[in-house]
Amino acid sequence: MKIAILPGDGIGTEIVAEAVRVLNVLDLPFESETALVGGAAYEAHGHPLPESTLALAKAADAILFGAVGDWKYDSLERALRPEQAILGLRKHLGLFANLRPALCYEQLTHASSLKPELVAGLDILIIRELTGDIYFGQPRGRRTAVDGHFPGAEEAFDTMRYSRPEIERIAHVAFQAARKRSKRVTSVDKANVLETFQFWKDVVTEVHQQYPDVALDHMYVDNAAMQLVKAPKKFDVLVTGNMFGDILSDEAAMLTGSIGMLPSASLDKNNKGLYEPSHGSAPDIAGQGVANPLATILSVAMMLRFSLDQAESADRIERAVQAVLTAGLRTADIWSEGTVRVSTREMGDAVVAALTGNTIVKSLTTRI
Ligand code: IPM
Ligand code: MG
């Protein structure tokens, strides 16, 4: 079994380093190989997703990904920008199912910007379609308008589209996931305005016929955005398209205290997957050793569970994360009065200590 490790840019390298230490301490029979991706690959090879990186990702059984992007590449043509690396990996590897669990750990109830009683015990799963929608729809581009409000003016356009099989397969993922949880799916659309999402709603409703044991409801995306901050615990599994899922998953992240806590899995039809934190490369704090590595460490747990058949080790990692939180250790993003602020490295140290049965670094805990 081989794991491709793609740290990327910004805090990507720092958080992936901690996740790799956690992986290594488990002493599992895996090989790993690291490659450049994103801005780092552009600097070295002139392309954010070099052939060699793509080939490594294709050959691997699972991929651990950090983050890509930096404002300094904003003026590059789109095809060379770091974000194209992650979009290209999703597309070339057929990673159509993005699972983003938003779990509010008891220890972090007070780190959320929402009232504790709204988020305590929160456990929702956002399933985002990842290879279609307006993200990938053709045609797209810039041109001179021939109609619309300003004929003759310069305009830009993208295409929102979904085919029946694309919707069917993500709907199956959602209903099957719901069967392992509380058997409720909310499909998020904008059927009141968009043809694409009326079709989405119709197809999800059809697929639902095969899952009579699962309850399905539909919600417009604007309402879903509101309900997520009003009564998030009413949701269980949410399934939606690529763009709505991008937006709602960032919103859901804040319910858990910090986007620094949210892991994700992007799976193909055989459950081969790319695992990454849901957050980005955060160039503003890169290199300072303050980023939260827990989303990436929890992504390793998802990788072990979904792609590498090591559920027991996945449980161990999740328990270790709980233990460090219980011990009061917090990176800056989740720090609050009365807890111990630690660096990226110290957080990694603590998870490793919890996994190896050592008491979590004394000098840190005594600072509480
Ligand atoms: C995400 C990110 C990406 C996306 C960017 C980096 C292209 O925001 O994974 O949510 O929009 O999908
Ligand atoms: Mg996003």
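First listed ligand is number 1; within each ligand, the first listed atom is number 1.
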Check against side-chain hydrogen bond (donor to acceptor under 3.5 Å, both in side chains), Gln322 and Glu106: CA-CA 9 Å; Gln322 293 264 9; Glu106 192 198 318; over 6 Å; no
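- At most 12 non-hydrogen atoms from other residues, nucleotides or ligands lie less than 6.0 angstrom from CD of Glu312.
- Side-chain contact between Asp189 and Tyr220 is present, with heavy atoms from C-beta onward closer than 4.5 Å.
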I'd like the atom pairs linking ligand 1 to the protein - N or O on both sides, separation under 3.5 Å - with distances to 0.1 Å.
unit_1	atom_1	unit_2	atom_2	d
ligand 1	8 (O)	Asp246	OD1	3.2
ligand 1	9 (O)	Arg90	NH2	2.7
ligand 1	9 (O)	Arg100	NH2	2.8
ligand 1	10 (O)	Arg100	NH1	3.1
ligand 1	10 (O)	Arg100	NH2	3.2
ligand 1	10 (O)	Arg128	NH1	3.2
ligand 1	10 (O)	Asp246	OD1	2.9
ligand 1	11 (O)	Tyr135	OH	2.5
ligand 1	12 (O)	Arg90	NH1	2.7
ligand 1	12 (O)	Arg128	NH1	3.3
ligand 1	12 (O)	Arg128	NH2	2.8

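- For the pair Arg179 (side chain) and Asp213 (backbone), a donor-acceptor distance under 3.5 Å is absent.
- The only option from Ser299, Ser266, Ser264, Ser307 that meets the side chain to side chain donor-acceptor pair (under 3.5 Å) definition with Tyr275 turns out to be Ser307.
- In this structure the side chain of Lys72 never reaches within 4.5 angstrom of the side chain of Pro283, judged on heavy atoms.
- Using a 4.0 Å cut-off between charged side-chain N and carboxylate O, Arg305 and Asp315 make a salt bridge.
- Tyr42 and Tyr73 have perpendicular rings, their planes meeting at more than 60° on a 0 to 90° scale where under 30° would count as parallel.
- The shortest side-chain heavy-atom distance between Asp217 and Arg184 does not fall under the 4.5 Å cut-off.
- Within the protein, the N, O or S atoms sitting under 2.8 Å from the Mg ion (ligand 2) are Asp246 OD1.
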